[in-house]
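Note that the structure is predicted; figures quoted are calculated from it, not measured. Just so you know, these numbers use all the heavy atoms, side chains as well, and skip hydrogens, waters and symmetry mates.
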Amino acid sequence: FFCASKVHAGFISTRIAGTDGVSLETLKWAKIFEKQGIKSFYFAGELETPAERSYLCEKAHFKNPEIRFIFRNCFGRRQRKRSVTKKIHEIKEELKDDLYKFIRKYSIDMLVPQNALTIPLNIPLGLAITELVSETGMPVIAHHHDFFWERTHFLTNSVWEYLNMAFPPHLPSVHHVVINSSADNQLGLRTGVSSTIIPNVMDFENPPAPPDEFASDVRQSFGIKDDEYFILQPTRVIKRKGIEQAIELVSRLGTKAKLIISHASGDEGFGYEKRIREYSKLMNVNTIFVSQRINEKRGYTKKGQKIYTLDDVYPHADLVTYPSNFEGFGNAFLEAIYYRKPIVVNAYSIYSIDIKPKGFQVVELDGYVNSQAIEQTKKVLKDEMYRKHMVEHNYSIAGRFYSYAVLEQKLSNVIQTMTPLPQLFCNINPATHLKQNAQ
């Protein structure tokens, strides 16, 4: 990592908080950087990072009212008003000023945008980062989680010139990192940009500790009886998660079970949640929504009920369902493997292309629940030796392909191939010449 102890990395995102995949992977990267002596600093519209290393910029958040106004007036239509264009550039300049201040304040050497140059939820932020990099030539590792062309609702828009310019940008000092081979192929085909594949990871070198006293009563707290199976759906309640398949699976098992859904509907409305509640009643499945009882930090509700972390909940599950129709990678898949839980997974494209060939043993669906999946699930739940062999086998494979050691090696390779870095890291501080570029 060259003169790593002198390097300051600046992570940029719309938010670095909560348990979304981008935030989680950001903190994993930062942990690896810290291990190598690279100090990490954070710029976003919502932050749960150390205050002394954080720069909060409200208009960086995709939920900011002005950013939401721009989004609503740019997508789902073919033309935009001139006033919207003016607003985009006004906020872009504000954000760029803040980015320069962030770089100066923390003497940032290298920028690490996390999905901010990938998904256009905040167009001014992507433009600001792109222009700043053009003006400074700063080295950048752009971490891309899911591109706009992977979401149909982004394809009708009035901002194609901005998407082509900044989502992602094609600049000499930017090294692109994607999380799956499909994204790598599509990025090359669509833009001519080459990239490095670095999958999402878990700390498989350090297995999770057994539940402590605080987390010992998760099953009782969620109302799961001793003779009932605890089936965990560790996702948000959104359409692409395919939760109907989990409900049908539980219904057809013909045994006592509760389906626990960990997260809320989020930013995509409550229509699908209503559908899931109705379908659960139709299929006679006891589905429990516990998003108010699961958070990134432990605590208590106003009624005195315990608030657990997802790490507290996983060890108590008998089975994990993950019937998603689409995922950029699939953090919940790795989490289930990490906590040595059997998993039912729908064969979404990235699973089929990148994950399945590694040799994992799962209950696999192919877009629907069939009798074979039901029988295999019953065997997983009832046959302890079969289940133990499955989860240990999966843990071993994940340790080879999706561990922190893999992330560390791949990040090291990326940094060493970024030719401006050796001289930059050892001889100069980019924050010094930023004063001139900021004029």
Side-chain angles (χ1 to χ4, degrees), residues 1-13 15-17 21-44 47-56 99-117 129 132-133 136-145 172-179 195-207 399-435:
F1 273 61
F2 312 110
C3 302
S5 60
K6 299 180 181 180
V7 178
H8 287 188
F11 287 92
I12 303 172
S13 190
R15 68 177 173 193
I16 304 173
V22 175
S23 295
L24 292 174
E25 293 308 305
T26 297
L27 297 179
K28 292 171 189 176
W29 278 39
K31 185 174 183 179
I32 296 301
F33 279 168
E34 296 289 335
K35 184 178 178 182
Q36 296 294 335
I38 299 176
K39 279 187 132 181
S40 297
F41 300 85
Y42 309 92
F43 179 104
L47 290 161
E48 291 177 353
T49 48
E52 67 276 9
R53 295 193 185 188
S54 300
Y55 190 109
L56 182 66
L99 285 167
Y100 271 108
K101 291 174 184 176
F102 168 64
I103 292 168
R104 286 201 209 99
K105 180 177 181 179
Y106 296 115
S107 300
I108 301 299
D109 301 293
M110 172 178 64
L111 296 177
V112 191
Q114 290 284 340
N115 234 32
L117 297 174
I129 297 169
L132 182 146
V133 174
T136 64
M138 286 193 72
V140 175
I141 302 177
H143 194 185
H144 305 305
H145 296 256
S173 66
V174 178
H175 191 110
H176 300 269
V177 170
V178 297
I179 63 176
S195 59
T196 299
I197 302 172
I198 300 183
N200 294 357
V201 299
M202 294 286 289
D203 190 8
F204 287 99
E205 290 90 352
N206 296 293
R400 289 165 52 199
F401 294 102
Y402 301 113
S403 67
Y404 276 24
V406 171
L407 173 59
E408 184 173 358
Q409 183 59 55
K410 287 182 176 291
L411 278 177
S412 176
N413 292 342
V414 167
I415 289 179
Q416 292 185 51
T417 59
M418 296 173 71
T419 52
L421 287 181
Q423 180 181 4
L424 173 67
F425 282 9
C426 297
N427 297 325
I428 66 170
N429 182 346
T432 304
H433 73 270
L434 286 177
K435 295 179 181 179

Partner of Ile198 under side chain to side chain contact (heavy atoms under 4.5 Å, CB included), picked from Leu411, Ile179, Val178, is Leu411
If you measure from CG on Leu407 to CE on Met202, what distance do you get to the nearest 0.5 Å? 12.5 Å
Examine Tyr106 together with Phe43 and report whether their ring centres are nearer than 6.0 Å. no
CG (Leu99) and CD1 (Ile129) are apart, to the nearest 0.5 Å, by 6.0 Å
Is there a side-chain contact between Pro50 and Tyr42 in this structure, where contact means two heavy atoms from C-beta onward sitting under 4.5 Å apart? yes
Shortest non-hydrogen contact between Ser13 and Ala116, atoms and distance: CA-CB, 4.4 Å
What residue among Leu111, Val140, Thr26 forms side chain to side chain contact (heavy atoms under 4.5 Å, CB included) with Ile12? Leu111
So, taking the atom named CZ in Phe11 and the one named CD1 in Ile108, what distance separates them when rounded to the nearest 0.5 Å? 10.0 Å
Parallel, tilted or perpendicular: which describes the rings of His176 and His144, with under 30° parallel and over 60° perpendicular? parallel
For the student: nearest non-hydrogen atoms of Val174 and Ala142, plus distance: CG1-CB, 3.9 Å
Is there a side chain to side chain contact (heavy atoms under 4.5 Å, CB included) between Gln36 and Ile415 once you walk through the steps? CA-CA 12 Å; Gln36 296 294 335; Ile415 289 179; over 6 Å; no
Atom CZ of Phe41 and atom CZ of Phe102: how far apart are they, to the nearest 0.5 Å? 8.0 Å
Heavy-atom side-chain contact between Ile16 and Gln114 under 4.5 Å: no
Are Thr136 and Ile103 packed together at the side-chain level, in the sense that at least one heavy-atom pair is separated by less than 4.5 angstrom? no
Just one of Gln416, Gln409, Glu408, Lys410 clears the side-chain hydrogen bond (donor to acceptor under 3.5 Å, both in side chains) bar with Ser412, so which one? Gln416
Is there side-chain contact between Ser40 and Glu34, with at least one heavy-atom pair below 4.5 Å? yes
Any sub-3.5 Å donor-acceptor pair from Thr49's side-chain atoms to Ser54's backbone N or O? no
I need the minimum non-hydrogen distance between Pro199 and Val201, along with the two atoms involved. O-CG1, 3.5 Å
Ser23 side chain to Ala17 main-chain N or O, any donor-acceptor pair under 3.5 Å? yes
Here the gap from Lys35 atom NZ to Tyr404 atom OH, rounded to the nearest 0.5 Å, amounts to 10.5 Å
Distance (rounded to the nearest 0.5 Å) between Met110 CE and His175 NE2: 11.5 Å
